[in-house]
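So the structure is just underneath, and the comments pick up after that.
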Amino acid sequence: MDTSIIDLGDGRMDGRNELEVLEYRLLCRAVLEACHLRGHGDPFAGFRCLTAGFERAREYEEEGKPWAQEVEDEYLGALACYAELPNSTKLQSRGTATTRIRRVR
């Protein structure tokens, strides 16, 4: 997925509709919230946060939104990374729609 055309910081949507941009923002927020919850001892709440976003993306895909599959795939990637995290985590943003997660050493 080419996330270079999605700029969530300056208000431009680069041809994307408002709902799609909102879903990418919610994806980033869900990753942050899930890691926060996990770091504070509630990994299951973090998992529920990510799965709620995944289910929402799946509903959009069923409605025929052309961008929903990409968002769904991003949630699956976030869930896979989340499952491998220890309880202490650090978030690393690389300026893309998806926030990267890495372990604290």
Side-chain angles (χ1 to χ4, degrees):
M1 177 183 147
D2 180 12
T3 57
S4 63
I5 62 170
I6 300 172
D7 186 347
L8 301 179
D10 67 1
R12 292 181 311 138
M13 295 189 297
D14 293 330
R16 307 268 177 161
N17 69 49
E18 288 182 40
L19 183 59
E20 180 181 6
V21 172
L22 174 63
E23 283 304 315
Y24 276 103
R25 286 181 177 160
L26 290 172
L27 167 64
C28 293
R29 179 72 178 216
V31 169
L32 290 170
E33 182 68 16
C35 290
H36 174 79
L37 290 165
R38 184 181 193 103
H40 284 83
D42 197 355
F44 296 111
F47 178 77
R48 287 190 302 271
C49 183
L50 292 171
T51 55
F54 173 78
E55 291 299 325
R56 191 175 53 251
R58 179 181 270 174
E59 289 174 13
Y60 285 129
E61 185 181 15
E62 289 173 1
E63 292 174 8
K65 305 289 187 210
W67 46 266
Q69 180 62 52
E70 289 180 4
V71 177
E72 195 175 326
D73 291 344
E74 292 289 336
Y75 271 107
L76 286 175
L79 282 160
C81 289
Y82 185 78
E84 296 177 7
L85 289 176
N87 282 340
S88 73
T89 59
K90 184 173 183 181
L91 299 175
Q92 178 181 359
S93 176
R94 297 187 184 237
T96 63
T98 304
T99 301
R100 309 290 183 217
I101 305 170
R102 66 182 172 94
R103 294 175 78 146
V104 174
R105 296 178 192 227

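Numbering of residues begins at 1 and proceeds along the displayed sequence. All values reported here derive from a predicted model rather than from experimental measurement.
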Treat each ILVMFWY residue as a node, draw an edge where side-chain heavy atoms are under 4.5 Å apart, and state whether Leu37 and Tyr75 are in one component.
no
Separation of [Y] [atom2] from [X] [atom1] (nearest 0.5 Å):
| X | Y | atom1 | atom2 | value |
| --- | --- | --- | --- | --- |
| Glu74 | Gln69 | CD | CD | 11.0 Å |
| Leu32 | Leu27 | CG | CG | 9.5 Å |
| Glu72 | Glu62 | CD | CD | 8.5 Å |
| Leu79 | Glu84 | CG | CD | 11.5 Å |
| Lys65 | Glu20 | NZ | CD | 11.0 Å |
| Glu23 | Asn17 | CD | CG | 10.0 Å |

Just jot down the side chain to side chain contact (heavy atoms under 4.5 Å, CB included) partners of Glu59, sequence neighbours excluded, or say none.
none
Passes side-chain contact (heavy atoms from CB on, under 4.5 Å), His36 versus His40? Steps please.
CA-CA 6 Å; His36 174 79; His40 284 83; 3.1 Å; yes
Could you check whether any side-chain heavy atom of Tyr60 comes within less than 4.5 Å of a side-chain heavy atom of Trp67, counting everything from C-beta outward?
yes
Identify, with sequence neighbours excluded, every residue that meets salt bridge (charged side-chain N to carboxylate O under 4.0 Å, His left out) alongside Arg58.
Glu55
Where [X] and [Y] come nearest, the two heavy atoms and their spacing:
| X | Y | value |
| --- | --- | --- |
| Glu61 | Ala68 | N-CB, 3.3 Å |
| Leu50 | Ala78 | CD1-O, 4.2 Å |
| Gly46 | Ala34 | O-CB, 3.4 Å |

